[in-house]
Amino acid sequence: GGSTVETRQLGDNQEVLSHEWMVMSRLNQEIRQEVNETARRTPDGHLTFTWRLQLSAEPYEGRAEWSSQAPRTLSIQPTHGPAVLKEVPEEAILWPGELESRLKEAARTVHSLRAITFSFPIQQWCTLLLEPQGPAPLPGYPDAVRFTGQEVQGTFSAPVEIWISPRSGELRNRTELGGLDLVTQRSGLPAPAPAKAPAQGFFERSLQQLPPHPFQPWIAELTLQAVGQLPDLPEDAQQTRLSKGRWRLRRAALPTAIEAVQPPVAGTPAPAEARYLAPSQLVSFQDPAFDGLLRRMALPQGLSRWELAKRVNTFVFDWITDKDYTVGFASALEVCRNPRGDCTEHSVLAVALLRRLGVPARGVTGWVGLGEVLGLHFWVEVRLQDRWVPIDPTFDQAPASALRIKLGDTDLADLGSVAWEGAANDLSGVRWVPVGEEPLTIKGDQITGDRKSVV
């Protein structure tokens, strides 16, 4: 991949144009990611921003404004989805040139730096924490200083190493994603000494082997042992922490008699459910395009939340006929128009349809067992009474299978809330091993083993 930054003067206005692009290999297929941003400043200090993030066929794009008359508020208007007001932290830097000046000053005085910026594509505040490590000349830049620290975006944190020149600014940036090194540097610099190339690509490294089990989707519960760096996992009825790094995983219980007849939300939702019924840029279900899908579903009147959840789950599974791994992260509106994608596309469309029908729904990031592989996955939870029940439109499961490890959930308010990068990093640091179950013996069409393991 690569990036360019151009600064220009248009009359009395200043503009900064940036362009970033990257191509990733995923299961022998390529995904292209491209970001274009423009920042404009008027003589009175008024700032406007436009951005365009291409992860699939239809881009995420929008416009934002900041004024010194309302310094604590950033007004954001996505092209698709409702307007959003973000509170601006006291120390935040919005103008790109100001961040560059801060970096140069830190290199000139060799002091630590804390900078808060805003990422418009993911709509998240980002914090850069740097400590100087001393002079580190690069070819053509004898005054370069090396810094190390952390870059935090929402709940995701990554180590960072940056070379900065007091007169030229940032020269080289090295960070890590899912166990892989990512290096960005000035085009005139010689390539850094390459690390030993991994045997597998990023997405292939995020897959783990599991013992063969032909009845895996129907296992009621099982125990996994974490070996390595254990992430901080949430606990609920489906995922319980045991001792010594072990976790008990269960399939969700079927609805009780009361849950089975709970109606969808009509009118003003309760505060606990409101955010899971709201539209956003990712799930803009108020668009007229969703009317066509609802007509296709031909739902009878009076269905309960659970009946709606099951019907949406199956409909999305059938609707997305092109199970395609090359889609980065499409919005529900795009999937509504173009039924193509993988687990993220299945789930955002299911969440959009469920919210349109009055069923509180959210996305879940984690890992799922599929055949002999444990890998990154995204699925859905719906609210029944006082609990969240997982369903999986990618595999048409309601409730979802037991062998899944939940890392976190998201209201899908923005891309940053999905925390996909964090899920990749957490999976790369731990290995999960099934324990306490007698292994199955498979020979031809004969399968033998403990009855408990195949219930």
Side-chain angles (χ1 to χ4, degrees), residues 26-27 154-157 177-179 202-210 216-217 219-242 245-252 276 282 309 313 316 325 329 341-351 361-383 387-413 415-434:
R26 181 182 184 185
L27 303 177
T155 60
F156 174 64
S157 177
L177 177 62
F202 168 65
F203 290 99
E204 287 82 358
R205 285 164 59 93
S206 68
L207 303 175
Q208 294 182 9
Q209 292 298 308
L210 292 172
Q216 184 192 94
I219 298 175
E221 61 179 60
L222 71 157
T223 301
L224 293 185
Q225 172 79 50
V227 179
Q229 182 181 349
L230 181 64
D232 184 19
L233 302 177
E235 290 191 73
D236 56 23
Q238 284 73 59
Q239 185 165 287
T240 308
R241 185 194 303 269
L242 305 176
R246 295 175 301 142
W247 286 79
R248 192 66 174 172
L249 307 179
R250 299 179 179 88
R251 175 183 280 189
Y276 303 109
L282 293 178
N313 194 69
V316 171
Y325 289 101
F329 201 115
D342 55 18
C343 59
T344 51
E345 286 66 48
H346 284 75
S347 295
V348 294
L349 180 59
V351 167
R362 65 190 186 187
V364 178
T365 304
W367 316 303
V368 70
L370 178 63
E372 299 180 25
V373 172
L374 179 71
L376 287 173
H377 193 49
F378 197 67
W379 62 94
V380 176
E381 287 181 342
V382 294
R383 188 171 176 86
R387 69 178 177 125
W388 288 94
V389 179
I391 63 175
D392 196 331
T394 305
F395 304 132
D396 193 16
Q397 297 173 347
S401 56
L403 210 174
R404 58 188 63 232
I405 303 167
K406 177 179 176 178
L407 182 64
D409 54 66
T410 169
D411 59 5
L412 291 171
L415 278 170
S417 70
V418 177
W420 199 245
E421 296 89 348
N425 276 356
D426 287 332
L427 182 58
S428 66
V430 65
R431 184 158 192 82
W432 294 95
V433 181

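In what follows, residues are counted from 1 in the order of the sequence shown.
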**Report entry** Which atom of Ala402 lies closest to which atom of Ile219, heavy atoms considered
**Finding:** CB-O, 3.4 Å
Query - Spacing of CZ belonging to Phe378 relative to CG belonging to Leu412, to within rounding of 0.5 Å - result: 4.5 Å
**Report entry** Short side-chain donor-acceptor distance under 3.5 Å, Asn313 and Asp392
**Finding:** no
Report task. Taking all heavy atoms of Arg387 and all of Ala252, pick out the closest pair and write down the distance. Result -> NH1-CB, 4.4 Å
Report summary line: Looking only at heavy atoms, the pair that brings Ala398 and Ile391 closest together is CB-CG2, 3.8 Å
Query raised in the report: Between atom OG of Ser347 and atom CZ of Arg362, what is the distance when rounded to the nearest 0.5 Å?
Result: 13.5 Å
Query raised in the report: Aromatic rings Phe395 and His377: how do their planes relate, parallel, tilted or perpendicular, breaks at 30° and 60°?
Result: parallel
**Report entry** Interatomic distance, Trp367 atom CH2 to Lys406 atom NZ [nearest 0.5 angstrom]
**Finding:** 13.0 Å
Query raised in the report: Atom CG in Leu376, atom CD1 in Ile405: separation rounded to 0.5 Å?
Result: 11.0 Å
Report task. Tell me, please, which residues at least two apart from Arg250 pass side-chain contact (heavy atoms from CB on, under 4.5 Å). Result -> Glu221, Thr240, Arg248
Report task. Enter the distance from Leu403:CG to Trp432:CH2 here, rounded to the nearest 0.5 Å. Result -> 10.5 Å
Requested in this report: Please tell me if the side chains of Arg431 and Gln209 come closer than 4.5 Å, counting only heavy atoms from C-beta onward.
Outcome: yes
Requested in this report: Could you list the residues that satisfy side-chain hydrogen bond (donor to acceptor under 3.5 Å, both in side chains) with Ser401, not counting sequence neighbours?
Outcome: Gln397, Arg404
Query - Closest approach of Ala361 to Val351 (non-hydrogen atoms, all atoms of both residues) - result: O-CG1, 4.0 Å
Query raised in the report: Does Thr365 reach the main-chain N or O of Leu407 with its side chain, forming a donor-acceptor pair under 3.5 Å?
Result: no
Query raised in the report: At what distance, to the nearest 0.5 angstrom, does OG1 of Thr344 lie from CG of Leu415?
Result: 10.0 Å
Query - Minimum-distance pair of heavy atoms, taken over all atoms of Gly369 and Leu374 - result: N-CD1, 3.7 Å
Report summary line: Applying side-chain hydrogen bond (donor to acceptor under 3.5 Å, both in side chains) to Asp236 and not counting sequence neighbours gives none
Query - Main-chain N/O of Leu370 paired to Gln216 side chain as donor or acceptor, under 3.5 Å - result: yes
Query - Nearest atoms (heavy-atom pairs only) where Asp411 meets Ala413 - result: OD1-N, 3.0 Å
